[in-house]
Asker: 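The structure under discussion is supplied below as structure tokens; questions concerning it will follow.
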Amino acid sequence: WRKSGDYIMLVPQGVAICQLFKLGDWAKTMAKRITELSDRPVLISYKGDARPLEQRLSRCHAVVTWTSNVAVEAACAGVPVFVSGASAALPVGTPLPSMTAENLESPAMPERQAWAEGLEWGQFTLAEIESGFARKVLEA
């Protein structure tokens, strides 16, 4: 896990997810909350950002998002995440309602191996497993 970084990356959800979960202007609300809790700058990264994620995460202290797959990628890269209960990254992140100045500065860093393996094995259909395709991908 990364222990420090220069900024907190806020990854807002798209319009459809905001409407589905009745999030309102989640990005604005969350940006305000983060700035109240931390002196670190907030980098907002919208869906479709042309910069490679690896580059955006390179100096990132933590990622804050609702359910974005960026949280999964960030956790795999060792960047702590703050997410909703609907996120696949919740088992290795901090729930958004629990985000405080203290845990934003020193985020939880739980074991990730079993979580990552569970996600990995859930990526294939039964037909892909039976055909050997899944094994080829995992052994590549």
Side-chain angles (χ1 to χ4, degrees):
W1 284 105
R2 181 171 303 155
K3 306 264 191 251
S4 187
D6 297 336
Y7 52 83
I8 296 168
M9 186 165 68
L10 175 62
V11 183
Q13 296 306 130
V15 173
I17 295 296
C18 285
Q19 289 174 347
L20 178 66
F21 288 100
K22 297 177 176 60
L23 299 176
D25 193 350
W26 184 86
K28 183 178 180 181
T29 302
M30 196 54 58
K32 182 177 186 268
R33 184 170 172 206
I34 294 167
T35 58
E36 291 170 353
L37 296 174
S38 177
D39 292 331
R40 293 178 196 274
V42 177
L43 174 113
I44 300 178
S45 179
Y46 293 97
K47 187 171 186 165
D49 192 324
R51 293 171 294 162
L53 183 57
E54 182 179 335
Q55 182 183 40
R56 287 178 275 151
L57 292 174
S58 68
R59 295 182 1 256
C60 185
H61 176 70
V63 168
V64 176
T65 190
W66 181 259
T67 62
S68 176
N69 286 338
V70 170
V72 171
E73 296 290 334
C76 287
V79 177
V81 297
F82 292 80
V83 295
S84 76
S87 174
L90 183 61
V92 293
T94 300
L96 286 171
S98 301
M99 187 169 68
T100 65
E102 293 78 25
N103 65 21
L104 196 52
E105 185 56 35
S106 297
M109 297 180 187
E111 172 56 45
R112 295 172 287 167
Q113 187 69 33
W115 163 79
E117 288 171 355
L119 286 179
E120 180 179 58
W121 284 105
Q123 298 304 307
F124 301 100
T125 66
L126 184 56
E128 290 171 329
I129 293 169
E130 289 173 344
S131 73
F133 173 76
R135 179 175 295 281
K136 287 179 188 174
V137 170
L138 294 173
E139 291 177 345

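All heavy atoms count here, side chains included; hydrogens, waters and symmetry mates do not.
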Asker: How many angstroms lie between CD in Glu36 and CE in Met99, if you round to the nearest 0.5 Å?
Answerer: 9.5 Å

Asker: Enter the distance from Trp66:CH2 to Leu23:CG here, rounded to the nearest 0.5 Å.
Answerer: 5.0 Å

Asker: Is Met9 close to Leu53 at the side-chain level, that is, under 4.5 Å between some pair of heavy atoms?
Answerer: yes

Asker: Quick check: closest heavy atoms across Leu10 and Ala27, and the distance to 0.1 Å?
Answerer: CD2-O, 3.5 Å

Asker: What is the distance from atom CG of Leu119 to atom CD of Glu117, rounded to the nearest 0.5 Å?
Answerer: 10.5 Å

Asker: Hey, is the main chain of Ser98 close enough, under 3.5 Å, to the side chain of Asn103 for a donor-acceptor pair?
Answerer: yes

Asker: Indicate the atoms forming the closest heavy-atom contact of Gly85 with Leu90, along with that distance.
Answerer: CA-CD2, 3.6 Å

Asker: Following the transitive rule for hydrophobic clusters with a side-chain heavy-atom cut-off under 4.5 Å over Ile, Leu, Val, Met, Phe, Trp and Tyr, establish whether Trp1 and Leu57 coincide in one cluster.
Answerer: no

Asker: Start with the C-alpha distance between Val70 and Ser45, add both sets of side-chain angles, then the distance that settles side-chain contact (heavy atoms from CB on, under 4.5 Å), and finish with yes or no.
Answerer: CA-CA 10 Å; Val70 170; Ser45 179; over 6 Å; no

Asker: Can you tell me how far the CD atom of Glu105 sits from the OG atom of Ser4, to the nearest 0.5 Å?
Answerer: 6.5 Å

Asker: Counting only heavy atoms from other residues, nucleotides and ligands, does the tally under 6.0 Å from CG of Asp25 exceed 12?
Answerer: yes

Asker: Check whether any side-chain heavy atom of Met109 lies under 4.5 Å from a side-chain heavy atom of Lys3, and answer yes or no.
Answerer: yes

Asker: Go through the side-chain N and O atoms of Thr67 and Gln13 and say whether any donor and acceptor fall under 3.5 Å apart.
Answerer: yes

Asker: Contact between Phe82 and Ser87 at the side-chain level, heavy atoms closer than 4.5 Å - yes or no?
Answerer: no

Asker: For Glu54, I'd like to know if atom CD has over 12 heavy atoms of other residues, nucleotides or ligands within 6.0 Å.
Answerer: no

Asker: Any side-chain heavy atom of Leu43 within less than 4.5 Å of one from Cys60?
Answerer: no

Asker: Kindly give the heavy-atom pair with the smallest separation between Pro110 and Ala108, and that separation in Å.
Answerer: CD-C, 3.5 Å

Asker: Report the residue from Lys28, Arg33, Lys32 that forms a side-chain contact (heavy atoms from CB on, under 4.5 Å) with Met30.
Answerer: Arg33

Asker: Start with the C-alpha gap between Val81 and Thr65, add the side-chain angles, then the distance that decides, and say whether side-chain contact (heavy atoms from CB on, under 4.5 Å) holds.
Answerer: CA-CA 8 Å; Val81 297; Thr65 190; over 6 Å; no

Asker: Nearest 0.5 Å, what's the OG1-CD1 distance between Thr29 and Ile34?
Answerer: 11.0 Å

Asker: Give, for atom CH2 of Trp26 and atom CD1 of Ile17, the distance between the pair rounded to the nearest 0.5 Å.
Answerer: 12.0 Å

Asker: Can you name the closest pair of heavy atoms from Tyr46 and Pro12 and give their distance?
Answerer: CE2-CG, 3.6 Å

